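Note that this is a predicted model, so its numbers are computed, not measured. Residue numbers start from 1 in every chain, and the chains themselves are labelled A, B, ... in the order their sequence lines are given, proteins ahead of strands.
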There are 2 protein chains.
Amino acid sequence: MIALDDLDRAILRALVEDASQSAGALGRALGLSQPACWRRIRRLEEAGVIAGRRLDLDQAALGFGVTVFLGIKLATRGRVSLEDFERAVTAIPEVQVVQHVLGRFDYRLRVTARDIADFERVLRRRVMTLPGVGQVEANVLLSEERRPGPLG
Amino acid sequence: MIALDDLDRAILRALVEDASQSAGALGRALGLSQPACWRRIRRLEEAGVIAGRRLDLDQAALGFGVTVFLGIKLATRGRVSLEDFERAVTAIPEVQVVQHVLGRFDYRLRVTARDIADFERVLRRRVMTLPGVGQVEANVLLSEERRPGPLG
DNA sequence: TAATATTATGAAAAATTCATGCAGATTGAT
DNA sequence: ATCAATCTGCATGAATTTTTCATAATATTA
């Protein structure tokens, strides 16, 4: 496993927050030259610590004002039902994230809807009637905050 | 609300997947010139559709092989206890995401640990003894897949 | 300790990419 | 038909990313 020093952690923390800043600006903020900062970033990419750079969308600005987390317990637990379920879930466009988990639920979904009524009226039913689904539990997102994680 | 055409949606889909590609390369893939593609991206930023660009870390490569979702039900529901809880949660470095939700739980946390034993031994206790915490339910992440969402 | 790798650094330059100005094409309204 | 608005591609300057190179720390080994 790659060894990180304080500068590496500071770089990761800064870019997780905002990956649009240049290596020059970030380096200046940390007391590094532009190439030094850039090379550290490349090293972190090559080590696999950096998995990629992603655009963060504002779902509300896209007209999807509601985000809901769904905990799903399958009724039948065979491998076949897992595959059936995953394939069917993929066909629902409102599904943003599919998480296979261990615990009281088998899957967790992050879905978006235009509003609560839209979620209750169409999306909820659509999920409940997926193949193999037993229990479904919904949690509506009120606010979300990302933390730097163990790097800080 | 801003109107998106097929090209806008294609651009968003591509950049959510990989925000490191240049406007020139992406434009070429979509049959657009570099300035045309770049201007569309800027327009989406100004419309607020693009919330930002973030680095995506590989927690496993950082030595945190286990991700756990925690559903938390507070025992006392006053505003004071919410603030107390949030402040205390912020002090736990392993907490990656704090979500305030509506439903059977009041909060959902995404936390990382070196391994299951580490989670059970230290992190779980730490969360259960946060101020105001009633029930805690854990789900261990097995696999996670992001979908394009309603844009696709 | 001295010699030798190893690694990280900054300055400078090359290669890309970003960002803007401009002129032409398309669309829709008056 | 004319005008305004919007989008496009081309050309271009500004900024950033990568590479090259010489040097300074840091550790390894003799």
Side-chain angles (χ1 to χ4, degrees), chain A residues 1-64 146 148-152, chain B residues 1-64 146 148-152:
Chain A
M1 180 173 349
I2 187 180
L4 304 186
D5 63 13
D6 292 342
L7 281 173
D8 292 321
R9 280 186 286 271
I11 288 172
L12 291 179
R13 243 176 294 143
L15 292 180
V16 164
E17 196 62 35
D18 173 18
S20 71
Q21 56 194 314
S22 70
L26 179 53
R28 218 164 16 254
L30 300 175
L32 276 179
S33 71
Q34 175 269 320
C37 183
W38 183 85
R39 275 185 289 243
R40 279 170 178 268
I41 295 172
R42 183 181 58 179
R43 172 169 162 272
L44 293 167
E45 281 169 346
E46 287 168 350
V49 168
I50 294 178
R53 294 150 196 270
R54 295 174 185 283
L55 214 62
D56 192 16
L57 301 186
D58 182 339
Q59 292 299 328
L62 284 166
F64 296 90
R146 292 169 198 280
L151 295 175
Chain B
M1 184 177 339
I2 188 179
L4 304 186
D5 64 12
D6 291 343
L7 282 174
D8 292 321
R9 280 186 285 270
I11 288 172
L12 290 179
R13 245 177 291 142
L15 292 180
V16 164
E17 196 63 36
D18 173 18
S20 72
Q21 56 193 314
S22 69
L26 178 53
R28 218 166 13 257
L30 299 175
L32 277 178
S33 69
Q34 175 264 320
C37 184
W38 183 85
R39 274 186 285 245
R40 277 170 179 270
I41 295 171
R42 184 180 57 179
R43 174 169 161 272
L44 294 167
E45 282 169 346
E46 288 168 348
V49 168
I50 295 177
R53 293 147 197 272
R54 295 173 183 283
L55 215 61
D56 192 17
L57 301 186
D58 182 338
Q59 293 298 328
L62 283 167
F64 296 90
R146 291 170 199 281
L151 295 175

Listed in order of residue number, which residues of residues 21-33 of chain A have a non-hydrogen atom at under 4.0 Å from DNA chain C?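 Those residues whose heavy atoms fall under 4.0 Å from DNA chain C, taken from residues 21-33 of chain A in numerical order, are Leu32(A), Ser33(A).
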
Minimum heavy-atom separation for [X] to [Y], with atom names?
{"X": "Asp8(B)", "Y": "Arg43(B)", "result": "OD2-NH1, 3.3 Å"}
{"X": "Gly48(A)", "Y": "Ala61(B)", "result": "O-CB, 3.6 Å"}
{"X": "Ile41(A)", "Y": "Arg53(A)", "result": "CG2-NH2, 3.5 Å"}
{"X": "Ala47(A)", "Y": "Ile2(A)", "result": "CB-CD1, 3.4 Å"}
{"X": "Glu17(A)", "Y": "Arg54(B)", "result": "O-NH1, 3.5 Å"}
{"X": "Ile11(B)", "Y": "Leu30(B)", "result": "CG1-CD1, 3.6 Å"}

Checking contacts here: which listed nucleotide ([options]) is nearest the side-chain heavy atoms of [X]?
{"X": "Ala36(B)", "options": "dG9(D), dT19(D), dT9(C)", "result": "dG9(D)"}
{"X": "Arg40(B)", "options": "dC7(D), dT19(D), dT20(C)", "result": "dC7(D)"}
{"X": "Arg42(B)", "options": "dT20(C), dC7(D), dT8(D)", "result": "dT20(C)"}

Can you check the [X] [atom1] to [N] [atom2] distance for me, whole Å?
{"X": "Arg39(B)", "N": "dC18(C)", "atom1": "CZ", "atom2": "C1'", "answer": "12 Å"}
{"X": "Arg43(B)", "N": "dT6(D)", "atom1": "CZ", "atom2": "P", "answer": "10 Å"}
{"X": "Glu45(B)", "N": "dC18(C)", "atom1": "CD", "atom2": "C1'", "answer": "12 Å"}
{"X": "Leu4(B)", "N": "dT6(D)", "atom1": "CG", "atom2": "P", "answer": "16 Å"}
{"X": "Arg53(B)", "N": "dT17(C)", "atom1": "CZ", "atom2": "C1'", "answer": "12 Å"}
{"X": "Asp8(A)", "N": "dT7(C)", "atom1": "CG", "atom2": "P", "answer": "15 Å"}
{"X": "Leu7(B)", "N": "dT26(C)", "atom1": "CG", "atom2": "P", "answer": "17 Å"}
{"X": "Ile41(B)", "N": "dT17(C)", "atom1": "CD1", "atom2": "C1'", "answer": "12 Å"}

The helix from dT1(C)-dA30(D) to dT30(C)-dA1(D): angle between terminal helix axes, five bp per end, to the nearest 10 degrees, reads 30°

Is a donor-acceptor contact shorter than 3.5 angstrom present between the side chain of Gln34(A) and the base of dA12(C)? no

Any side-chain N or O of Trp38(B) under 4.0 Å from OP1/OP2 of dA19(C)? yes

CZ of Arg40(B) to CG of Leu26(B): how many Å apart, nearest 0.5 Å? 11.0 Å

Gln21(A) (side chain) donor-acceptor with Ala14(A) (main chain) under 3.5 angstrom: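 Looks like yes, one N/O pair under 3.5 Å.
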
Does a sphere of radius 6.0 Å around CZ in Arg28(B) hold more than 12 heavy atoms from other residues, nucleotides or ligands, not counting ones at 6.0 Å or beyond?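 Counting other residues, nucleotides and ligands, CZ of Arg28(B) stays at 12 neighbours or fewer.
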
